[in-house]
Amino acid sequence: MVWPRSAEEAEKVQEDLRGLVRAEGDGREPRLVAGLDVAYGDDLIAAAVTVLDASSLEVVESSVVVDRPVFPYVPGLFAFRELPALLDALRALETVPDLLVCDGHGLAHPRRFGLACHLGILTGVPSMGVGKTFLVGEHVEPGRERGSWTPLVHEGETVGRTVRTQDGIRPVYVSSGHLIDLPAAARRVLELSPSYRLPETTRSADRLSRSALREASG
DNA sequence: GCGACAG
DNA sequence: ATCTTGTCGC
């Protein structure tokens, strides 16, 4: 796979692929939900994927790969930094997840093509984004109770939602990646976050990526 | 021109 | 993302 070498090339890739995104699902409940996250070291990155049973939230399979970053971190071009390693980790999986929960945004992106969209298009697997911090979109604070939410509006379009996953805790930013609609994505993040701010998918992948990085370096 | 800016 | 102790609060 040819990878962009400059920000200009990367933006063109996003412009070329954005039209393929379908923010609609088939309405079926996912059985296997995957969490993806990347940890950073001095000159190493560890990309982890954990596959959870959607009902029990137990991890049924996982994969992690340590690699070298091939693209710098640039807001809006984040996917080009994490995608290569994440794709490798996904390929090593025996099971095929029904949904990919990404650590970052999907449609809530300057060009409507964040990491979650990119990953969904490249894999053909439904995907959604759960960002810990804001990237784009005007919004107001949701109510303080778990479950309350407000729309994220960017350039006149609803691109995502702020969702309060725990009472009185900072909300997360949810958006569609590919093959899932926004209400379904928002519902999913709540089901995946019974006890903490972040979904269990992200939490398990985060633990795995960090331990792999420690093991690889020092 | 001056900020803002996923991880 | 990561560097990092104590500390406020349930």
Side-chain angles (χ1 to χ4, degrees), chain A residues 3-4 7 10-11 13-14 17-18 21 35-50 64-89 100-122 127-139 144-146 152-155 159-163 165-178 182 185 189 195-199 201-218:
Chain A
W3 214 242
E11 286 187 20
V13 170
Q14 294 182 327
L17 298 178
R18 55 182 293 183
V21 172
L36 304 90
D37 192 28
V38 176
Y40 296 80
D42 288 313
D43 196 36
L44 291 177
I45 64 174
V49 181
T50 52
V64 61
V65 46
V66 175
D67 205 343
R68 301 275 177 174
V70 298
F71 202 88
Y73 168 68
V74 180
L77 300 178
F78 176 52
F80 295 94
R81 183 169 175 74
E82 300 201 340
L83 225 34
L86 285 174
L87 288 171
D88 281 343
L100 306 178
V101 179
C102 305
D103 188 33
H105 301 94
L107 288 177
H109 174 278
R111 287 171 294 283
R112 303 284 186 283
F113 200 70
L115 172 67
C117 298
H118 208 146
L119 202 47
I121 291 299
L122 262 38
S127 63
M128 58 179 274
V130 180
K132 294 186 290 293
T133 61
F134 167 91
L135 178 58
V136 294
E138 302 94 51
H139 62 284
R144 80 171 299 287
E145 337 73 53
R146 162 182 159 84
L152 254 182
V153 180
H154 182 55
E155 296 175 342
V159 297
R161 287 183 184 178
T162 68
V163 177
T165 55
Q166 298 298 325
D167 291 357
I169 295 299
R170 285 193 297 152
V172 293
Y173 301 79
V174 180
S175 57
S176 295
H178 187 44
L182 181 55
V189 78
S195 312
Y196 297 92
R197 176 184 180 233
L198 299 179
T201 38
T202 299
R203 287 166 42 77
S204 55
D206 178 78
R207 289 192 296 265
L208 178 55
S209 63
R210 292 201 199 198
S211 64
L213 193 59
R214 278 181 301 163
E215 188 178 302
S217 46

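Sequence lines set the chain letters: A, B, ... in the order given, protein chains first and strands last, and positions in each chain run from 1.
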Practice item. With heavy atoms under 4.0 Å as the rule, sort Tyr173(A) into base, sugar-phosphate or nothing. Key: nothing
Point to revise | Closest listed nucleotide, where the reference is the side chain of Asp103(A) and the choices are dT2(C), dA6(B), dG7(B) | key: dG7(B)
**Study point:** Nearest-angstrom distance from the residue atom CZ of Arg111(A) to C1' of dA4(B)
**Key:** 14 Å
Point to revise | Side chains of Gln166(A) and Arg197(A), donor plus acceptor under 3.5 Å | key: no
Practice item. Would you kindly give the CG-to-C1' distance between Leu119(A) and dG7(B), to the nearest whole Å? Key: 14 Å
Review point. Are a donor atom and an acceptor atom from the side chains of Glu82(A) and Tyr73(A) found within less than 3.5 Å of each other?
Key: no
Exercise for review: Quick one: label Leu83(A) by what it contacts on the DNA or RNA (base, sugar-phosphate, nothing), any heavy atom closer than 4.0 Å.
Suggested key: nothing
Review point. Any sub-3.5 Å donor-acceptor pair from Ser127(A)'s side-chain atoms to Gly177(A)'s backbone N or O?
Key: no
Practice item. Report the nucleotide, chosen from dG7(B), dC5(B), dT2(C), that has the shortest atom-to-atom distance to any side-chain atom of Asp37(A). Key: dG7(B)
Point to revise | Distance in angstrom units between His105(A) NE2 and dG7(B) C1', rounded | key: 11 Å
Practice item. Nearest whole angstrom, please: distance from the P of dA6(B) to the CG of Leu36(A). Key: 19 Å
Exercise for review: Select one nucleotide: of dC5(B), dG7(B), dT2(C), the one nearest the side-chain heavy atoms of Phe134(A).
Suggested key: dC5(B)
Review point. Is Gly76(A) touching bases, backbone alone, or none of the nucleic acid, heavy atoms closer than 4.0 Å?
Key: base
Practice item. Rounded to the nearest angstrom, tell me the gap between atom CG in Asp42(A) and atom C1' in dT2(C). Key: 10 Å
Point to revise | Nucleotide dG7(B), atom C1' - distance to NE2 of His109(A) in whole Å | key: 12 Å
Practice item. May I have the distance from Tyr73(A) (atom OH) to dA1(C) (atom P), rounded to whole angstrom? Key: 10 Å
Check your understanding: Does a side-chain N-to-carboxylate-O contact under 4.0 Å join Asp37(A) and Arg207(A)?
Key -> no
Review point. Counting only side-chain N and O atoms of Thr133(A), is one of them less than 4.0 Å from OP1 or OP2 of dC5(B)?
Key: no
Check your understanding: Under 3.5 Å, side chain of Arg18(A) to main-chain N/O of Arg112(A), donor-acceptor pair present?
Key -> no
**Study point:** N or O in side chain of Lys132(A) less than 4.0 angstrom from dG7(B) OP1/OP2
**Key:** yes
Check your understanding: Just how far, in rounded Å, is P of dT2(C) from CD1 of Ile45(A)?
Key -> 12 Å
